[in-house]
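Below is one structure, written out as structure tokens; comments come after it.
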2 protein chains.
Amino acid sequence: MAYTDGYTLYTVSVGCQRKGGTMGSEQTPPGGGSSTFEFLWREGDRPRSSPGPRPGLSVTQVVVAAIAIADADGIDAVSMQQVAKRLEVTPMSLYRYVPSKKHLVEAMFDEASGAPPGLDAVPGGWQVRVEAWVTALWGRYQAHPWMLRAQVSQPIGPNQLAWLEALLAVIKDIGLTYEEMVSLALFLTGATQGLARISTDLARAAGEDDLISFGEALAAVARPDRFPTLSALLSAGTFDLPAGAAGEATSTETDLTFGLRQLIEGIEAHVAARAERG
Amino acid sequence: MAYTDGYTLYTVSVGCQRKGGTMGSEQTPPGGGSSTFEFLWREGDRPRSSPGPRPGLSVTQVVVAAIAIADADGIDAVSMQQVAKRLEVTPMSLYRYVPSKKHLVEAMFDEASGAPPGLDAVPGGWQVRVEAWVTALWGRYQAHPWMLRAQVSQPIGPNQLAWLEALLAVIKDIGLTYEEMVSLALFLTGATQGLARISTDLARAAGEDDLISFGEALAAVARPDRFPTLSALLSAGTFDLPAGAAGEATSTETDLTFGLRQLIEGIEAHVAARAERG
DNA sequence: AGCCATCAGTATAGGCCATATACCGTTGCC
DNA sequence: GGCAACGGTATATGGCCTATACTGATGGCT
């Protein structure tokens with residue numbers, strides 16, 4: 001592996017990009033120079049020493065502008081035209097920085113993921129750190145709900161791999177096999193993401209007037225003969241929200257931590273039983 | 001609640017729909033007659049007794065055609081034009097059956113969800129049934145991977161509520177509070193969905209030539225100093241796939257059942273401890 | 001029997017969208 | 001100073017969703 005040493009998380013990158021980039025091995029992966037992978041791992045500031053005018057923007061600026069739009073108006077509002085308008089350039093000029101909109105969205109996702117939390121400083125055992133990791137990831141999704149709707153083919157960006165690494169480091173020495181570590185990491189990632197998605201969906205429905213809330217919908221159709229358990233829960237007020245739209249996020253977070261704690265307990269029992277057997 | 005008695009899961013519906021539908025209470029929910037909720041719960045066959053030509057299609061036919069396209073070419077290939085082409089009508093005629101594309105997608109999701117599995121016949125305790133439920137849901141997502149990419153605002157369709165009911169019925173009497181039951185149900189739904197999404201993403205990457213596989217990507221950038229744990233796993237061959245592209249789905253399913261079993265074990269301990277305390 | 005409101009399907013058009021292509025003008029190196 | 005590289009733009013193509021206006025068929029009513 002002979003990539004250049006000077007790559008950076010593009011969180012701090014400032015320079016522009018070349019068509020093929022210069023990182024990576026000589027034999028480019030199938031798909032050629034515009035693969036998402038290469039784009040996400042492009043090098044940061046490239047010392048300019050070529051003819052032509054100086055670029056007026058940077059990849060990061062484009063990505064950040066797109067994220068701002070997505071934060072404000074959702075992922076569907078992110079179009080090349082809108083991003084260009086925000087940066088006060090023509091739509092086509094964006095293609096000097098981003099190979100395609102698909103690449104832009106993937107870069108948005110990785111950028112919005114940010115750096116994982118530092119878990120070494122967290123006091124307590126691995127259980128606490130795992131929970132801290134999950135909570136931090138949950139926080140990212142709450143800050144950028146569009147991430148849960150964005151079409152990202154694979155988690156292979158620098159930040160995403162850093163998150164994975166951070167979690168694996170926490171559960172490295174708790175008594176799991178390598179395969180189990182990967183299983184657990186993927187499970188936690190998937191569970192957090194899945195539940196965050198449900199959470200934001202519910203919150204949006206509770207917030208927007210033209211959408212019916214889950215409780216209302218349930219009340220309209222949950223007849224005891226057809227949905228007995230749901231009806232029982234409904235009658236008991238289990239779906240009544242604590243306080244307005246904001247309550248949705250916190251209540252779903254409760255669901256997440258509940259499941260997480262049970263999961264952790266199960267893992268503890270699992271590794272304890274294994275240690276006992278030898 | 002005075003909805004008509006004759007509503008059916010539109011899986012078996014055949015008739016056409018009116019603008020406002022006739023189900024539901026008199027006071028329509030906020031958003032008016034074209035809310036997703038009302039559309040999903042529209043009644044089935046409506047006995048025609050009005051002037052005008054007979055409809056040549058049905059809502060179900062439109063939804064099924066759209067699903068066929070999504071199954072074959074992904075959710076992005078589903079456009080009003082493509083669906084119309086498949087049904088040999090003009091694009092605009094679809095709007096006689098479906099209020100908008102958004103409604104169509106929601107209907108696709110519920111239709112593709114299908115009826116939940118019958119879990120009463122499953123031998124064994126609630127643990128086995130929960131696992132059967134999760135596996136069945138997993139199977140749906142594998143059969144229709146586009147479901148994980150579709151923009152569905154809320155799980156309030158007939159089939160989706162039936163799935164939820166089925167799960168709740170299984171965990172109804174195992175010793176959880178109502179709140180915990182909901183937490184567990186949402187957690188399981190979210191985890192299955194989230195992991196299925198990761199699974200299909202990985203499988204697609206492994207299958208398509210223009211995408212780099214996760215293992216390849218990792219090998220390209222996972223330097224020991226920056227990603228020590230990932231590097232260790234990589235060296236140990238943990239990311240090597242068992243057999244080709246199909247192996248991805250099964251290996252991710254292993255991740256799911258691993259997490260699920262730990263979760264169930266934790267729940268068992270949880271309710272056992274509570275029963276002991278009284 | 002004949003009117004007519006109703007409704008299925010169509011045709012057209014407007015306003016978005018991503019992006020291929022061709023072009024202009026600027027820049028730094030030789 | 002020439003020239004190749006490069007940033008930014010203008011234009012155009014083909015796709016998308018859907019509002020609007022229309023045609024023609026239908027069945028209940030008088």
Side-chain angles (χ1 to χ4, degrees), chain A residues 14-22 33-34 39 46-59 61-62 65-66 69-70 73-108 150-151, chain B residues 14-22 33-34 39 46-59 61-62 65-66 69-70 73-108 150-151:
Chain A
V14 135
C16 63
Q17 61 115 29
R18 277 178 182 287
K19 257 300 167 48
T22 58
S34 68
F39 179 63
R46 181 175 52 88
R48 267 187 57 82
S49 70
S50 55
R54 239 143 265 133
L57 298 172
S58 69
V59 187
Q61 278 182 57
V62 174
I69 294 173
D73 300 321
I75 192 68
D76 288 339
V78 176
S79 71
M80 299 308 262
Q81 350 262 337
Q82 291 304 312
V83 176
K85 188 180 294 180
R86 174 173 276 257
L87 294 170
E88 294 178 323
V89 291
T90 56
M92 285 313 292
S93 71
L94 299 180
Y95 288 94
R96 296 284 169 193
Y97 302 91
V98 166
S100 74
K101 187 185 174 183
K102 183 170 142 269
H103 289 83
L104 171 60
V105 172
E106 309 247 9
M108 287 172 64
Q151 305 250 4
Chain B
V14 136
C16 63
Q17 62 115 27
R18 276 178 183 288
K19 259 299 167 50
T22 59
S34 68
F39 179 63
R46 181 175 52 87
R48 265 187 57 82
S49 72
S50 56
R54 239 142 266 137
L57 297 172
S58 69
V59 186
Q61 277 181 58
V62 174
I69 294 172
D73 301 321
I75 192 68
D76 288 340
V78 176
S79 71
M80 299 308 263
Q81 349 262 338
Q82 291 305 312
V83 176
K85 189 181 293 178
R86 173 173 277 256
L87 293 170
E88 294 178 324
V89 291
T90 57
M92 284 313 291
S93 70
L94 300 180
Y95 288 93
R96 295 284 169 191
Y97 303 91
V98 167
S100 74
K101 188 187 174 181
K102 182 170 143 268
H103 289 83
L104 172 60
V105 172
E106 308 247 10
M108 288 171 63
Q151 305 251 3

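Everything numeric here is computed off the predicted structure, so don't read it as measured data. Proteins get letters first, then strands, A, B, ... in listed order; numbering begins at 1 in each.
Taking both residues in full, the closest heavy atoms of B:Ala77 and B:Ile69 are given as O-CG2, 3.5 Å, listed atom of the first, atom of the second, then distance. Minimum interatomic distance between B:His103 and B:Phe39 (heavy atoms only, all atoms of both residues): O-CE2, 3.6 Å. Contact record, B:Ile75 with B:Met108: CD1-CE, 4.1 Å, taken as the closest heavy-atom pair. Contact between A:Glu106 and A:Gln151 at its shortest, heavy atoms only, is OE2-O, 4.3 Å.
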- Query: Using a cut-off of 4.0 Å between protein heavy atoms and nucleotide atoms, how would you tag nucleotides 10-23 of chain C 5' to 3' with B, S and -?
  - Reply: BBB----SBBBB--
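The closest side-chain heavy-atom distance from A:Leu104 to A:Tyr97 is not below 4.5 Å.
The distance from the OG atom of A:Ser93 to the CE atom of A:Met80 is 9.0 Å, given to the nearest 0.5 Å. Going from atom CD of B:Gln81 over to atom CG of B:Leu94 covers 9.0 Å, rounded to the nearest 0.5 Å.
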Output one line per pair: protein atom, nucleotide atom from nucleotides 25-27 of chain C, and distance, for all N/O pairs under 3.5 Å.
residue : atom : partner : partner atom : Å
C:dT27  : O3'  : A:Arg54 : NH2          : 3.0
C:dT27  : O2   : A:Gly52 : N            : 2.7

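D:dG7 atom P lies 14 Å from atom CD of A:Gln61, rounded to whole Å.
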What pairs of donor and acceptor atoms, side-chain ones from residues 82-91 of chain A against any protein atom, are under 3.5 angstrom apart with sequence neighbours left out?
none

